[in-house]
Amino acid sequence: MLDKLAVARALREIGLLLQAQGENPFKVRAYETGARALEDSQEDLPALVSSGRLTELRGIGEALAKKISELHLTGRTALLERLRTELPPGLLELLQVPDLGPKKVAALREALGVGSVAELEAACRAGRVRGVKGFGEKTEQRLLEALARFRGREARLLLSDALELGERLVRHLRAGPDERVDLAGSARRRKETVGDLDLVASAPGPADFAGRLTAFPLAAEVVARGETKTVVRLASGVQVDLRVVAPEDHAAALHHATGSKGHHVRLRGLARDRGYSLSEYGLAALDGGAPIRVASEEELYARLGLPFIPPELREDAGELEAALSGALPTDLVRQEDVRGLVHCHTRWSDGRATLEEMAAAADALGMEYLTITDHSPSAHYAGGLTVDRLRAQWDELARVQESVRVKLLRGTESDITEDGLLDFPDAVLEQLDVIVASVHTRFKMDEAAMTRRLRRAMELPVFKIWGHARGRLLLEREPFECRMEEVLDALAGARGAVEVNGDPHRLELEPRFLRLATERGIPVVLSVDAHSTAAFGYLRFAVDTARRGWIRRGQVLNALPAEAFARAVRPA
DNA sequence: GCCGTTTTCGGCCCGACTGTTTTCAGTCG
């Protein structure tokens with residue numbers, strides 16, 4: 001028995017192995033598409049299988065439906081088992097090496113019997129690669145360099161770091177007011193981590209954007225330099241791609257460079273259906289005729305009969321279907337909608353600023369309310385408050401309240417204990433305005449135990465806000481295991497809310513799960529999880545993440561005025 | 001392997017750049 005996600009994983013593996021084998025790329029894509037269709041489907045896999053309705057999903061035909069049923073019911077399928085035995089296990093890793101695709105991998109395997117990264121490295125060092133048809137000395141050298149980078153694993157950036165670096169690059173490249181430089185790529189889509197930076201530049205007159213990029217202080221190596229495209233690698237290993245275009249092509253190029261790839265593939269298919277070919281230069285009629293220049297991304301979508309799709313939604317995760325049917329949300333939450341800061345720590349526990357400083361900073365930002373949520377007793381590692389210290393904090397809070405406009409709310413970030421309980425007595429919890437409940441310990445419980453732990457906590461009457469959902473730390477710690485749909489069902493049943501944590505290391509609940517939460521009518525809180533006043537700036541990342549999860553203004557509790565917010569989160 | 005009021009077969013997104021070619025294939029985004 002495999003569940004939906006496990007079946008999707010198996011399909012992806014088949015696709016990759018077929019690709020490594022040099023199979024028809026469209027067939028390879030079909031497996032990827034099928035895996036995606038399955039993941040995005042709202043329905044239960046057992047129901048889809050038993051009623052034979054798998055083929056109703058777009059991208060799943062007879063052959064895939066058969067394999068999916070087989071994988072679901074028996075956990076295996078002959079094709080995958082055959083591929084696994086026929087192909088050397090190191091082959092998939094070889095495909096991950098930059099500059100190596102299926103064709104080159106196949107050629108190397110054919111000519112030299114290379115079936116792993118280690119074997120490739122040995123062959124390069126021995127100078128045997130240059131003798132293979134289609135390979136030369138330069139390629140051999142490039143491969144050695146690519147392998148060295150591959151060993152150190154590619155450098156990835158947190159979204160916050162990517163935006164900072166991207167904004168710096170924009171400032172560096174733009175030399176005058178009539179020049180236009182935009183950050184595109186996954187940073188513009190606000191993905192939680194970013195592998196490389198994409199920029200688009202244009203100017204009405206002559207401007208040496210490429211020269212400026214190669215002269216960027218952090219640039220270490222020029223990877224490619226052509227007429228319109230320049231690629232450099234920074235000392236940190238991060239790659240920067242720059243496209244330089246004519247001003248009239250800027251909008252189309254920006255759209256192209258923003259991606260995602262999946263969104264573009266679907267959009268170009270749609271354009272084709274409408275009699276156009278879509279490229280980075282805009283639209284062109286399929287039956288010849290001059291290219292149609294678009295002045296903005298809005299115009300590009302409009303010419304295809306679609307409303308504007310914001311970059312955060314361009315993931316081929318149903319946004320095109322929604323756009324076609326008029327179901328695309330038009331009131332995605334924006335930063336200016338947020339009226340209160342939720343989830344803030346002070347020096348009472350592990351914050352670096354005093355309660356007074358936090359209050360003053362929130363005031364200065366024009367916030368209507370601020371919830372002070374220091375850690376609870378069992379969070380020894382973070383200076384969690386005892387009941388006595390919590391009560392003492394309320395006194396200080398009352399005193400500080402006299403000197404600030406922002407409404408201060410009493411709260412806690414309570415640990416969810418191993419048993420699925422909160423660690424203040426109910427009598428104390430009931431006197432609080434806001435309770436954020438989070439897992440901080442025992443991340444390695446198995447999926448069933450963790451699911452029970454969370455469900456039990458959510459069934460407590462005082463449970464209101466689920467903090468930094470699965471406790472991941474981006475690029476550092478994987479999220480813990482739990483059955484998310486079951487947990488969200490429990491949260492919905494308890495009329496609780498979920499946090500979108502804006503700490504750049506967290507950015508949870510993840511977008512795909514936010515959409516599951518929305519289906520269940522679960523409201524969200526956009527939080528900063530601030531341990532300093534500077535961290536109030538994390539709000540933008542919470543907003544970005546929420547938008548990626550299609551969260552609308554009306555679902556956000558801290559977009560409500562203070563009184564309505566307090567009513568909505570009060571422990572009952 | 002999927003898909004179809006233009007098709008049940010022949011398509012499937014499009015272009016830049018590089019290296020090894022002597023007109024283009026492979027890879028990438």
Side-chain angles (χ1 to χ4, degrees), chain A residues 11 14-15 18-19 22-37 54-68 79 94-108 129-143 146 154 184-186 188-189 194-200 210 222-232 239-245 249 252-253 255-284 286-287 291 304 314 316 320:
Chain A
L11 294 182
I14 294 177
L18 288 174
Q19 186 188 31
E23 183 53 272
N24 172 3
F26 297 106
K27 187 166 169 178
V28 171
R29 197 166 91 191
Y31 278 90
E32 171 62 29
T33 307
R36 187 150 204 166
L54 275 168
T55 52
E56 287 175 17
L57 297 178
R58 188 191 164 79
I60 295 180
E62 294 299 328
L64 277 180
K66 187 155 167 286
K67 291 191 181 72
I68 290 168
L79 175 61
L94 270 179
L95 280 177
Q96 311 291 316
V97 177
D99 296 339
L100 272 194
K103 294 284 172 58
K104 286 189 179 174
V105 166
L108 289 168
V129 167
R130 67 185 70 175
V132 181
K133 186 172 163 58
F135 291 75
E137 223 171 303
K138 268 194 171 170
T139 303
E140 194 175 83
Q141 199 53 42
R142 271 174 87 97
L143 277 175
E154 57 175 330
S186 52
R188 183 166 180 240
R189 302 200 311 277
V194 172
D196 50 29
L197 294 173
D198 296 275
L199 295 152
V200 177
V222 178
V223 177
R225 182 154 179 180
E227 253 176 65
T228 68
K229 192 168 141 181
T230 304
V231 181
V232 302
Q239 191 168 300
V240 181
D241 291 20
L242 170 68
R243 272 315 276 281
V244 181
V245 296
D249 290 329
H255 182 265
H256 170 76
T258 298
S260 69
K261 187 181 165 136
H263 181 81
H264 282 335
V265 169
R266 292 291 312 279
L267 196 61
R268 285 172 176 174
L270 196 87
R272 190 156 273 276
D273 295 343
R274 304 251 194 288
Y276 295 111
S277 162
L278 174 62
S279 79
E280 56 232 80
Y281 297 106
L283 293 164
L286 280 176
D287 50 14
L304 294 172
R314 299 179 197 165
D316 188 24
L320 282 165

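Bear in mind the structure is a predicted one, so any value in this text is a computation, not a measurement. Letters A, B, ... are given to chains in the order of the sequence lines, protein chains preceding strands, and every chain is numbered from 1.
Atom CG of A:Leu278 and atom P of B:dC14 are 8 Å apart (whole Å). The nearest whole Å value for the distance from the CG atom in A:Asp241 to the C1' atom in B:dT27 is 13 Å. Rounded to an integer number of Å, the gap from CG of A:Asp99 to P of B:dA25 is 19 Å. In this structure, the CD atom of A:Gln239 is 7 Å from the P atom of B:dG29, given to the nearest Å. Counting to the nearest Å, the P atom of B:dG29 and the CZ atom of A:Arg314 are 19 Å from each other. One can place CZ of A:Arg243 at 13 Å from P of B:dG29, the figure rounded to the nearest angstrom. Straight-line distance from the CG atom of A:Leu94 to the P atom of B:dT27: 12 Å, rounded to whole Å. Distance, A:Arg29 CZ to B:dC2 P: 13 Å, rounded to whole Å.
Counting heavy atoms of neighbouring residues, nucleotides and ligands inside a 6.0 Å radius, atom CZ of A:Arg268 exceeds 12 of them.
Straight-line distance between the P atoms of B:dG15 and B:dG10: roughly 24 Å, to the nearest whole Å. Here the separation of B:dT21 from B:dA16, taken at their P atoms, is 24 Å to the nearest Å. Remark: the separation of the C1' atoms in B:dC17 and B:dC12 is 24 Å, to the nearest Å. Taking the C1' atom of each, B:dT23 and B:dT18 are spaced 15 Å apart, rounded to whole Å. Comparing B:dC13 with B:dT27, their C1' atoms sit 16 Å apart, to the nearest whole Å. A gap of 23 Å separates the C1' atoms of B:dT6 and B:dG1, to the nearest Å. For the C1' atoms, the distance from B:dC14 to B:dT20 is 24 Å, rounded to whole Å.
A heavy-atom distance below 4.5 Å is not found between the side chains of A:Val265 and A:Asp316. Contact check for A:Leu54 versus A:Leu64: no side-chain heavy atoms found under the 4.5 Å cut-off.
Distances from the side chain of A:His256 to the nucleotides B:dA16, B:dG1, B:dG29 place B:dG29 closest. Which of B:dC2, B:dC17, B:dT20 sits closest to the side chain of A:Glu227 comes down to B:dC17. Distances from the side chain of A:Ala63 to the nucleotides B:dC13, B:dC2, B:dC14 place B:dC2 closest. In the set B:dC17, B:dT20, B:dA16, B:dC17 carries the atom at the smallest distance from any side-chain atom of A:Ala224.
Here A:Lys104 lies in heavy-atom contact (under 4.0 Å) with sugar-phosphate atoms only. Nucleic acid contact class of A:Leu267 (heavy atoms, under 4.0 Å, all strands): none. Using a 4.0 Å heavy-atom cutoff across all strands shown, A:Ser277 reaches sugar-phosphate atoms only and no base atom. Backbone-only contact: A:Pro98 has heavy atoms under 4.0 Å from sugar-phosphate atoms and none from a base. Nucleic acid contact for A:Glu137: sugar-phosphate only, since backbone atoms but no base atoms lie under 4.0 Å from a heavy atom of the residue.
For the pair A:Thr139 and B:dT18, the criterion of a side-chain N or O lying under 4.0 Å from OP1 or OP2 is not met. One finds no side-chain N or O of A:Lys229 lying less than 4.0 angstrom from the OP1 or OP2 phosphate oxygen of B:dA16. The phosphate of B:dG19 has OP1 or OP2 within less than 4.0 Å of a side-chain N or O from A:Arg142. Distances shown here put a side-chain N or O of A:Thr228 below 4.0 Å from the OP1 or OP2 atom of B:dC17. In this model, the phosphate group of B:dG1 is approached by a side-chain N or O of A:Lys67 to a distance below 4.0 Å at OP1 or OP2. Residue A:Tyr276 places none of its side-chain N or O atoms closer than 4.0 Å to OP1 or OP2 of B:dC14.
The structure places CG of A:Asp99 at 8.5 Å from OG1 of A:Thr139, a figure rounded to the nearest 0.5 Å. Remark: A:Thr33 OG1 to A:Arg266 CZ distance equals 9.0 Å, nearest 0.5 Å.
Residue A:Thr230 is the one, among A:Thr230 and A:Gly136, whose nearest nucleotide of DNA chain B lies closer to the 5' end (criterion: closest heavy atom). Comparing A:Lys133 and A:Arg225 against DNA chain B, the residue whose closest nucleotide sits nearer the 5' end is A:Arg225.
Counting only distance, with no hydrogens or angles, the side chain of A:Gln19 and the backbone of A:Val28 share no donor-acceptor pair below 3.5 Å. Judged purely by atom type and a 3.5 angstrom limit, A:Arg58 has no side-chain atom pairing as donor or acceptor with the backbone of A:Ala37. Without hydrogens or angle criteria, A:Gln239 side chain to A:Asp196 main chain gives no donor-acceptor distance under 3.5 Å.
In summary, of the residues considered (A:Lys261, A:His264, A:Arg188), a side chain to side chain contact (heavy atoms under 4.5 Å, CB included) with A:Arg314 occurs for A:Arg188 alone.
Between the side chain of A:Asn24 and the base of B:dG1, a donor-acceptor pair under 3.5 Å is found.
When both distances must be under 3.5 Å, the Watson-Crick or G-U wobble mate of B:dT8 does not exist.
Legend: salt bridge (Lys or Arg N to Asp or Glu O under 4.0 Å) pairs involving residues 271-281 of chain A, not counting sequence neighbours, sorted by first then second residue: A:Arg243-A:Glu280.
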Any N/O pairs under 3.5 Å between the protein and nucleotides 3-7 of chain B? List them or say none.
unit_1 : atom_1 : unit_2  : atom_2 : d
B:dC3  : OP1    : A:Gly59 : N      : 2.6

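Base orientation for B:dT5: anti, the chi torsion being more than 90° from 0.
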